[in-house]
Protein chains: 2
Amino acid sequence: MRAIAARRDLIREGESPHFVYLLLDGWACRYKTLADGRRQIVSFLLPGDIFDAGFLLLGKIDHGIAAITPIRVGGIGRDDFEALLEACPKIAKALWRGERIAASIQREWTLNVGQRTAFERLSHLLVETFLRLESVGLTNGQSCDWPPTQADLADATGLTAVHVNRMLQELRRSGLIALNGRALTIPDMAALKQAALFSAAYLHLAPRPGRTGEGA
Amino acid sequence: MRAIAARRDLIREGESPHFVYLLLDGWACRYKTLADGRRQIVSFLLPGDIFDAGFLLLGKIDHGIAAITPIRVGGIGRDDFEALLEACPKIAKALWRGERIAASIQREWTLNVGQRTAFERLSHLLVETFLRLESVGLTNGQSCDWPPTQADLADATGLTAVHVNRMLQELRRSGLIALNGRALTIPDMAALKQAALFSAAYLHLAPRPGRTGEGA
DNA sequence: CGGAGCTTTGAATGTATTCAAACGCCGTGG
DNA sequence: CCACGGCGTTTGAATACATTCAAAGCTCCG
């Protein structure tokens, strides 16, 4: 069990991975950087997500994991983890499934930054993240807590913070979202999905917005 | 065992996955499309690659797999595959590792389309693909077969075919590549890696003795 | 020889970036 | 209590990178 302050790294690029983590509380992100400092957030990690950084691959890891809010994580060491996998194949299978869902989301992100316009891109990120939060019971009707800064959204969408700001204004003006401080509201999810060219299949969420434990 | 002609789909979006495939011969790609037809290639599949389309996830699949050249694939059905995994945990582990490497590459693609300029992006795609070909013995010194069209490269990099064309010309002019018909030559891999801001860690290739220019 | 598919070229346009500065909010310290 | 500073957001103008549209050229194959 570990606690990390907001804006600090849980894992830095270049370290060797020794743990698999469960995110208990807070938001984090996986990111990659280029030599000159350009940074891409490649996924958001939300409460309930299980993640690691190239655990089975050994070698140096190629990306970092940073806390967006203060977070608490539970960690399990490599040997214990391996033992667990062997002792309980059902867990192994569930973890594998979780990773495959994460991979599916990753492909969608590639599509997102590669093909969608700035407006669609942000819309899509909002929809996806809201639905993931909803699936773990962290939404409140049409609203949820929204910790990432516009700079974070810029890194996640491949845009600049300035342009993210302008697109968010447009989203507000068109009534698709309300975003006051850290409170996000999506008054008409169907409309936002349409603006985002959103198609839910890739998320592999349980059919009902009930409780699921999936992650990674 | 199945053979597919160039430019045809092996799996179409919306189908249900029933097989895991091994690509025996030729190039293929995984792609996703938006409702209005915009298309993103999310990965290239090269000989030796094992792939499927959401096999363990069930449900409808969210992407297609198309042949770039004529391909031959070996397929294994769901039940046989499950039996294999249970009978031979080492194979299961190796497959899991393979998927994790694919996921790592997918994250790099997100970085690629999100942060790199058009020139860097193409350079990176060329380096990555060449190294993957090299790792399965499909290169010939500094050269390899290069089947994808400029339209394919456009779909893979999130650029237009016109702009891909201009960037390829620039790559040729600067001496970083030679590309005549289907023959690609990279005379100075280290230089191309530098232009691409390439960093090899994410590929998790087995170290090969006698290769020039590790990483960058 | 003809045609289809791919590549190349040019000019005009547009989306997103860059740079710079001001604003607002909030916690801290004087 | 108010001033200060930091951080995140907002604004504007100029610029740059990539797109769009249109057409011509090339190459391979039937």
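The structure presented is a predicted model; accordingly, all values stated were derived computationally and were not measured.
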B/D49/B/R30 salt bridge by N-O under 4.0 Å criterion:
no
Distance in Å, A/E13 CD paired with A/I65 CD1, rounded so as to fall on 0.5 Å steps:
10.5 Å
Report the nucleotide, chosen from D/dG8, D/dT19, C/dT17, that has the shortest atom-to-atom distance to any side-chain atom of A/R7.
D/dG8
Atom-to-atom span, CZ of A/R173 to P of D/dT10 - whole angstrom
11 Å
Please work out whether the ring planes of A/F198 and A/Y202 are parallel, tilted or perpendicular, with thresholds of 30° and 60°.
perpendicular
Would you indicate, yes or no, if C/dT7 has its OP1 or OP2 atom less than 4.0 angstrom from a side-chain nitrogen or oxygen of B/N165?
no
I'd like to check the side-chain contact (heavy atoms from CB on, under 4.5 Å) partners of B/L34; sequence neighbours left out, ordered by chain and number.
A/L111, A/Q115, A/R116, A/L197, B/D36, B/R38
I'd like to know whether A/T110 forms a side-chain hydrogen bond (donor to acceptor under 3.5 Å, both in side chains) with B/Q40, so could you lay out the CA-CA distance, the side-chain angles of the two residues, the decisive distance to 0.1 Å, and finally the verdict.
CA-CA 8 Å; A/T110 302; B/Q40 177 72 37; over 6 Å; no
Rounding to 10 degrees, work out the angle separating the end axes of the helix from C/dC1-D/dG30 to C/dG30-D/dC1 (five pairs an end).
30°
Residues within residues 25-36 of chain B bordering DNA chain C, heavy-atom distance below 4.0 Å
none
In whole angstroms, the gap separating P of C/dC6 from CG of B/N180 amounts to 18 Å
What is the distance, rounded to the nearest whole Å, between atom CD of B/E120 and atom P of D/dC17?
11 Å
Keeping A/S174 on the side-chain end and A/E170 on the backbone end, is there a donor-acceptor pair under 3.5 Å?
yes
NA contact type, B/L168, heavy-atom cut-off 4.0 Å: base, sugar-phosphate, or nothing?
nothing
N or O in side chain of B/Q169 less than 4.0 angstrom from C/dT9 OP1/OP2:
yes
When you measure only distances, ignoring hydrogens and angles, does the side chain of B/R166 come within 3.5 Å of the base of C/dG10 through a donor and an acceptor?
yes
Interatomic distance where CG belongs to B/L179 and P belongs to D/dT27 [whole Å]
14 Å
Among the nucleotides C/dT8, D/dT10, C/dC6, whichever has the atom closest to the side chain of B/Q150 is C/dT8
Rounded to the nearest angstrom, tell me the gap between atom CG in B/L122 and atom P in C/dT7.
12 Å
Let me know the distance between CZ of B/F119 and P of D/dC17, rounded to the nearest Å.
13 Å
Can you check the B/Q115 CD to D/dC17 P distance for me, whole Å?
16 Å
Whether A/R172 contacts D/dT10 is assessed here as follows: a side-chain N or O lying under 4.0 Å from the phosphate OP1 or OP2. Is that the case?
yes
Distance only, no hydrogens: is a donor on one side chain within 3.5 Å (strictly under) of an acceptor on the other, for A/Q169 and A/N165?
yes
Starting from P on C/dA11, measure out to NE2 on B/H163 and report it in whole angstrom.
16 Å
For A/T149 and D/dG8, is the shortest distance between a side-chain N/O and OP1 or OP2 below 4.0 Å?
no
Could you tell me whether a side-chain N or O of B/R107 sits under 3.5 Å from a main-chain N or O of A/V42, the two making a donor and an acceptor?
no
Closest to the A/V162 side chain: C/dT18, D/dG8, D/dA18?
C/dT18
Checking the side chain of B/D152 only, and the main-chain atoms of B/T149 only, is there a donor and an acceptor separated by less than 3.5 Å?
yes
If we only count heavy atoms from C-beta on, is the B/W146 to B/L126 side-chain gap below 4.5 Å?
yes
